[in-house]
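The structure under discussion appears below in the form of structure tokens.
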Amino acid sequence: MIRTIQTTPFDGQKPGTSGLRKKTRVFMQPHYLETFVQAVFDAIGGAEGKCFVVGGDGRFYNDTAVQIILAMAAAQGAASAIVGQGGILSTPAASHLIRLNKTDGGIILSASHNPGGEDEDFGIKFNMPNGGPAPEQVTDAMYAATKTMAQYTTLDAPDVDLNTIGTTHLGGMLVQIVDPVTDYAALMETLFDFPAIRARFAAGFTMRMDSMCAVTGPYAREIFENRLGAARGTVTHATPLPDFGGMHPDPNPTWAHELMAEMMGPNAPDFGAASDGDGDRNMVVGRGIYVSPSDSLAILAANAHLAPGYAQGLKGIARSMPTSAAADRVAAAMGLPAFETPTGWKFFGNLLDANKCTLCGEESFGTGSDHVREKDGLWAVLLWLNILAVRNQSVTEILTDHWQTYGRNYYSRHDFEAIETAKADQMMAALRAKLPQLTNTETHGMTIARADDFAYTDPVDGSVSTHQGVRILFTDDSRIVYRLSGTGTQGATLRVYLERYEPSSGNLNLDPQTALAPIIQAAHDIAQINANTGRTEPDVIT
Ligand code: G16
């Protein structure tokens, strides 16, 4: 039976950098999730006759949310839904299913790298028929719809059995429960040289993949252990748990500390990697050496032709503005177009759809290509494995060779978390107000060439996004960027991005924090971080 439920709008259902993310208990309030789902359907012209992919990273509330979404889609006339078994789909696998089945989009449940559990975080986002996150015009329409929401419709029916693969019906809607891994793993086999990687594992190459009790465990086991022959136990924390086993599935040196300790220890494997809650982020580590995400993008771009899926070469390389310029140097050397977009994977979608670029990447541990419209953690790990197998070199050798060829963009991000929102806003406002006076001034022995607030005009559809981060650009190509995160759920997170270029003739082996010391000092002074926030030290350094 279809039921119409009266409701009243909730405050603050504005999607951030990647969908709506809140504390799980906020989502568990009566009508909260339903209001947002209704707004999604309203913003895309209704669900009638459409087909959607539905799934999430398995965090607490995932299964309940899947049932709510299916019941609403069925009530509103959706033709069919493709759902990952157990309600599980990694974000890149969901993007692939949307594209493979030519659906009308998908609803993905995840708060990505944020912890999961009843007292932690939950999230939801809509991906378009191209498999990519909804662009700003669409998320703005969703937000507008939430503000006037008065009712939604749903179906009174027993829950769908999410655990049995096969086809069933919910009201008039066809529901297909699919294995979450099969199609994704098949796609990976088309892109990479599996025989070469398999041969390398057979010859004794060792790896540790930390899935952090989040969604990639089953994918990683199937691909690395079953298909590529990596030793059993290569994948750790391989069972997705509703609270991620208490882990914070954010693949960076701070949160993936178990992996870091092993990789920096005496018996480190040849290669290490970690992924996040929903499987779209990755961190890559060599024996005794950490690879910054910005360097990873540049190295993948320079070597992608070694993988069969990219043997034809790249169309272009895109990075988010706060990501280091290392990838731009590769693009210049290869004569490829380079693009600089605001933070948020959604900004890469148009470039990929228009065939303007093949590889995209972000400093926030995201790398991907035109094979889907999301960043893809395991894809990045596989491309690294492919490159390591073909070049038959260690991660250290590949990094060193890269810096000797292109020079090194020393890079780090400092995060100041859970700052009082009003204080963070005040700090950014004061910073923006003083930008015009900064040009040509000196600080810590460096001269500021330009200071601005990054704005982006999409080269495909001409849409303009302003206030995407304050940039302080120095005459020697060094740079400071300040942004407030759009993915946190508690107060504000200030991200300070720091970069300095060292040519290949210079010292390429400094600790980034040492290499960046004057820039870090300048960043504190210019924004008056301590005076404005009371903080002297960052909570996370990447
Ligand atoms: C999302 C976006 C990324 C962005 C990251 C961090 O990733 O898709 O493009 O770089 O958030 O954003 P912010 O600096 O605003 O917190 P994910 O993995 O959280 O979906």
Side-chain angles (χ1 to χ4, degrees), residues 14-22 56-57 59 90-92 94-95 108-116 120-127 131-136 139 212 214-216 248-252 255 274-283 293-294 296-297 318-324 339-349 351-352 360-368 372-380 413-419 424 428 454 456 465 467-470 481-497 538-540 542:
K14 184 175 168 52
T17 308
S18 186
L20 183 66
R21 292 186 189 167
K22 300 281 177 198
D57 63 13
R59 68 180 62 222
S90 78
T91 292
S95 181
I108 301 177
L109 303 163
S110 173
S112 187
H113 53 288
N114 296 3
E120 298 293 354
D121 294 355
F122 193 77
I124 176 170
K125 69 173 173 175
F126 181 77
N127 280 30
E136 276 186 342
T139 55
M212 303 189 84
V215 81
T216 63
H248 184 154
D250 193 352
N252 64 40
W255 292 114
S275 55
D276 70 333
D278 60 333
D280 56 1
R281 296 187 178 203
N282 76 94
M283 178 176 76
S294 294
S296 179
L297 171 66
R319 64 167 173 88
S320 67
M321 179 275 283
T323 304
S324 96
F339 299 91
E340 187 180 32
T341 62
T343 294
W345 203 263
K346 59 193 171 202
F347 291 103
F348 294 132
L351 298 175
L352 292 166
C360 311
E362 297 187 280
E363 53 64 41
S364 56
F365 298 84
T367 0
V372 289
R373 292 295 180 273
E374 286 280 3
K375 55 190 185 277
D376 188 342
L378 294 181
W379 169 90
R413 190 183 86 200
H414 289 197
D415 288 347
F416 302 81
E417 294 179 343
I419 302 172
M428 290 302 288
F454 182 64
Y456 176 67
S465 304
H467 301 300
Q468 298 296 323
V470 168
V481 177
Y482 304 88
R483 271 183 74 245
L484 297 183
S485 159
T487 58
T489 58
Q490 209 178 356
T493 294
L494 168 67
R495 301 205 197 279
V496 183
Y497 310 83
D539 301 286
V540 171
T542 68

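Read the numbers this way: they start at 1 and go in the same order the structure lists the ligands and their atoms. As a basis for the values below, the full set of heavy atoms in this structure was taken, side chains included, without hydrogen atoms, waters or symmetry mates. The residues of the chain are indexed from 1 along the displayed sequence.
Looking from atom 6 (C) of ligand 1 to the surrounding protein, the closest heavy atom is Arg281 NH2, 3.7 Å. Among protein heavy atoms, the minimum distance from atom 20 (O) of ligand 1 is reached at Arg21 NH2, 2.8 Å. For atom 10 (O) of ligand 1, the nearest protein heavy atom (residue, atom name, distance) is Ser364 OG, 2.7 Å. Residue, atom and distance of the protein heavy atom nearest to atom 9 (O) of ligand 1 are Glu362 OE1, 2.6 Å. The protein heavy atom nearest to atom 11 (O) of ligand 1 is Thr487 CG2, 3.3 Å. Nearest protein heavy-atom contact of atom 8 (O) of ligand 1 is Lys375 NZ, 3.1 Å.
Considering only residues two or more places apart in sequence or on other chains, Ser296 meets the side-chain contact (heavy atoms from CB on, under 4.5 Å) condition with Val291, Leu300, Trp384.
We find that Asp278 and Arg59 are not joined by a salt bridge, their nearest charged nitrogen and carboxylate oxygen being 4.0 Å or further apart. Remark: Arg319 does not engage Glu362 in a salt bridge, criterion side-chain N to carboxylate O under 4.0 Å. A salt bridge links Lys125 with Glu374: the closest approach of a Lys/Arg side-chain nitrogen to an acidic carboxylate oxygen falls below 4.0 angstrom.
When the options Ser294, Pro538, Ser364 are evaluated for a side chain to side chain contact (heavy atoms under 4.5 Å, CB included) with Arg413, the one that passes is Ser364. Of the options Asp276, Asp121, Thr91, a side chain to side chain donor-acceptor pair (under 3.5 Å) to Ser112 is made by Asp276 and by none of the others.
Backbone and side-chain nitrogen or oxygen atoms of His113 are examined, and one is located within less than 3.5 angstrom of a nitrogen or oxygen of ligand 1.
A donor-acceptor pair is defined here as one N or O able to donate and one able to accept, closer than 3.5 Å; no such pair exists between the side chain of Thr493 and the backbone of Glu417. Using modelled atom types, one side-chain atom of Ser95 and one backbone atom of Arg373 make a donor-acceptor pair closer than 3.5 Å.
Assignment of Gly344 to the shell around ligand 1 is supported, since a heavy atom sits closer than 4.0 Å.
With a 4.5 Å cut-off on side-chain heavy atoms, Trp379 and Val372 do not count as touching.
Of all atoms in ligand 1, numbered sequentially from 1 with element shown, those under 4.0 Å from a heavy atom of Thr343 are 4 (C), 10 (O), 12 (O). Atom numbering of ligand 1 starts at 1 in the shown order; those under 4.0 Å from a heavy atom of Ser112 are 17 (P), 18 (O), 19 (O), 20 (O). Of all atoms in ligand 1, listed by their number and element, those nearer than 4.0 Å to a heavy atom of Arg483 are 13 (P), 14 (O), 15 (O). Counting the atoms of ligand 1 from 1 in the order shown, those under 4.0 Å from a heavy atom of Arg495 are 13 (P), 14 (O), 16 (O). Atoms of ligand 1 found under 4.0 Å from any heavy atom of Gly486 (numbered from 1 in listed order, with element): 13 (P), 15 (O), 16 (O).
For Asp278, no heavy-atom contact with ligand 1 is shorter than 4.0 Å.
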